[in-house]
Amino acid sequence: DACASTLKCGDNNVNGDEECDQASWLNGQCSLCQVNCNSGFSENSAHICEQVIIEVYPKTVLIEINEEKEFIASGGTSYTWSKEGDACEVNVLVNSKIKGVGTGYCNITATDASGAYNFSSIRIIDKTSTEKIETIISSDTKEVTSKLDLNKVTINITLKNDISTGSLLIKLYDTVPVDAPISSNLKQLNKFLLINPSKEISDNLNFVQINISYDKNILASNKINEGTLKLYYYSQLGNIWVEENDRYVDKANSYVITNLTHLSLFGLFGDSIVEQQPPNDGGSPGGESGSGGSRKSGGGFQVCVEEWQ
């Protein structure tokens with residue numbers, strides 16, 4: 001019968017395969033060898049120990065106090081969820097859901113039956129958005145568009161593949177929501193855009209265009225150079241603002257149009273206008289001077305006048 005043949009199964013503790021001493025009959029079928037894998041490894045269909053790679057989504061995220069965020073783990077089985085840090089707590093009903101309870105950082109870790117694990121980093125902010133919208137996807141699409149009407153913001157997303165489920169949460173803040181350092185020559189325009197996509201969108205992201213309006217009165221009162229306006233994204237891992245250079249300033253309609261391949265927390269910034277110092281005209285004491293300077297001729301002064309085109 002089938003159990004008469006010699007069976008083999010892999011063992012992570014030795015090189016190559018080990019032979020089972022003998023096959024046993026169990027519930028009318030031939031029972032294969034049980035592989036004893038090290039922690040973080042599991043037996044595959046060929047009875048070889050393979051390392052288990054756990055993925056947790058999202059890898060980094062920004063949430064508000066009292067906001068809840070659900071996390072997804074993949075790559076293993078039978079996950080146990082835990083957290084580190086006092087700024088968040090694990091929902092007692094859904095172990096993969098975190099709630100922000102204070103300003104700061106915390107981690108949520110997923111550990112599977114093999115002992116393999118991975119974690120996500122969460123930052124909790126003490127800010128409340130001034131406008132937000134959540135777009136829910138319920139039918140096949142490769143294009144996602146979302147708008148914040150009050151602040152005149154449009155996000156257009158092109159996906160690599162059609163998706164039938166997913167969501168896109170967009171929040172706008174009128175003050176900087178994180179305490180990352182800002183370059184001294186940059187001035188903010190009080191527009192910070194947080195975009196949190198679901199895993200279905202994130203995994204299929206191909207192209208993003210953000211159109212965000214600005215107020216020329218704010219530029220004038222704060223002496224901001226209109227031509228330097230651009231979005232910067234917040235890097236949570238580095239706690240820094242990083243500029244996005246693929247952009248166009250539509251001065252006629254007061255929009256900054258930015259092309260991207262990722263979603264994050266974005267802020268609209270511009271450079272300060274550099275005050276021009278009046279030129280030193282180099283006049284001589286007791287004589288006249290002009291824009292071209294003076295030169296002595298025949299006991300007097302001849303004034304040179306620059307001709308403007």
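All residue numbers in this chain count up from 1 along the given sequence.
Within 6.0 Å of NZ on K216 lie more than 12 heavy atoms contributed by other residues, nucleotides or ligands. By the neighbour-count criterion of 12 heavy atoms within 6.0 Å, atom CG of D86 is sparsely surrounded, having that number or fewer from other residues, nucleotides or ligands. Applying the 6.0 Å contact sphere to CD of E134 captures more than 12 heavy atoms from other residues, nucleotides or ligands.
How far CG of D271 is from NZ of K187: 10.5 Å, rounded to the nearest 0.5 Å. To the nearest 0.5 angstrom, I124 atom CD1 is 11.0 Å from N66 atom CG. Atom NZ of residue K191 and atom CG of residue L229 lie 11.0 Å apart, to the nearest 0.5 angstrom. Remark: F269 CZ to E243 CD distance equals 11.5 Å, nearest 0.5 Å. With values rounded to the nearest 0.5 angstrom, E89 atom CD is found 11.5 Å from I108 atom CD1. Taking CG of D250 as the reference point, atom CG of N211 lies at 9.0 Å (rounded to 0.5 Å).
Under the 4.5 Å side-chain criterion, counting only non-hydrogen atoms from C-beta, I54 is in contact with Y79. With contacts defined as side-chain heavy-atom distances shorter than 4.5 Å, the pair E64/Y173 qualifies. No side-chain heavy atom of T109 sits under 4.5 Å from any side-chain heavy atom of K83. A heavy-atom distance below 4.5 Å is found between the side chains of V153 and I155. Looking at heavy atoms from C-beta onward, I157 lies in side-chain contact with L263 at the 4.5 angstrom threshold. Using a 4.5 Å cut-off on side-chain heavy atoms (C-beta onward), V90 and I98 make contact. Considering only heavy atoms from C-beta on, E244 comes within 4.5 Å of L260 through its side chain. Residues I137 and I201 have side chains in contact (heavy-atom distance under 4.5 Å, counting atoms from C-beta outward).
Each of I133 and L62 belongs to its own hydrophobic cluster when Ile, Leu, Val, Met, Phe, Trp and Tyr are linked at side-chain heavy-atom distances under 4.5 angstrom. L265 and L186 fall within the same hydrophobic cluster, defined by Ile, Leu, Val, Met, Phe, Trp and Tyr side-chain heavy atoms under 4.5 Å apart, directly or through other members. There is no path of hydrophobic side-chain contacts, each under 4.5 Å, that joins V178 to I240. Both L205 and I195 are members of a single hydrophobic cluster when ILVMFWY side chains are connected at heavy-atom separations under 4.5 Å. No chain of hydrophobic side-chain contacts below 4.5 Å, direct or via other Ile, Leu, Val, Met, Phe, Trp or Tyr residues, connects V144 to L169.
Ring geometry, F71 versus W81: the interplanar angle falls from 30° to 60°, so the pair is classed tilted. Aromatic ring orientation, Y233 versus F266: perpendicular (interplanar angle above 60°, classes split at 30° and 60°).
A donor-acceptor contact closer than 3.5 angstrom is absent between the side chains of S42 and E50. Side-chain atoms of Y234 and N239 form a donor-acceptor pair, as typed in the model, at a separation below 3.5 Å. N156 and T145 form a side-chain donor-acceptor contact under 3.5 Å, judged by distance and modelled atom types alone.
For the pair D149 and E131, the tightest heavy-atom approach, listed with the atom from each and the gap, is N-OE2, 3.2 Å. Residues V56 and A110 share a closest heavy-atom pair of CG2-CB, 4.0 Å. Closest of all the heavy-atom pairs between E70 and P58 is O-CD, 4.3 Å. The two atoms that bring V176 and K127 nearest to each other are O-CE, 3.4 Å, heavy atoms only. The two residues P177 and I125 have their closest heavy-atom pair at O-CG2, 3.4 Å. Across S146 and L168, no two heavy atoms sit closer than the pair CB-CD2, 4.2 Å.
Within the 3.5 Å criterion, the main-chain N or O of S167 finds a donor-acceptor partner in the side chain of S198. A donor-acceptor contact shorter than 3.5 Å is absent between the side chain of S120 and the backbone of Y57. Under a 3.5 Å cut-off, the side chain of K69 and the backbone N or O of I63 do not form any donor-acceptor pair. Of the possible donor and acceptor atoms, one in the side chain of D112 sits under 3.5 Å from a partner among the backbone N and O of S114. A distance-only check finds a donor-acceptor pair linking the side chain of D215 to the backbone of N217 [under 3.5 Å].
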Checklist entry - K251 and Y214: side-chain contact (heavy atoms from CB on, under 4.5 Å), yes or no, with the steps? => result CA-CA 10 Å; K251 296 181 180 180; Y214 60 89; 4.2 Å; yes

Next on the checklist: I'd like to know whether L189 forms a side-chain contact (heavy atoms from CB on, under 4.5 Å) with L219, so could you lay out the CA-CA distance, the side-chain angles of the two residues, the decisive distance to 0.1 Å, and finally the verdict.
Outcome noted: CA-CA 8 Å; L189 279 81; L219 300 185; 3.6 Å; yes

Next on the checklist: Test side-chain contact (heavy atoms from CB on, under 4.5 Å) on S129 and L172; report intermediate values, then the result.
Outcome noted: CA-CA 5 Å; S129 59; L172 193 130; 5.9 Å; no

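In this structure, K59 satisfies the cation-pi test against F119, with its NZ or CZ atom closer than 6.0 Å to the six-membered ring centre and inside 45 degrees of the ring normal.
The pair E67-K171 meets the salt-bridge criterion, since a charged nitrogen lies less than 4.0 angstrom from a carboxylate oxygen.
Considering I170, I212, T130 in turn, I170 is the only one that fulfils the side chain to side chain contact (heavy atoms under 4.5 Å, CB included) rule with L148.
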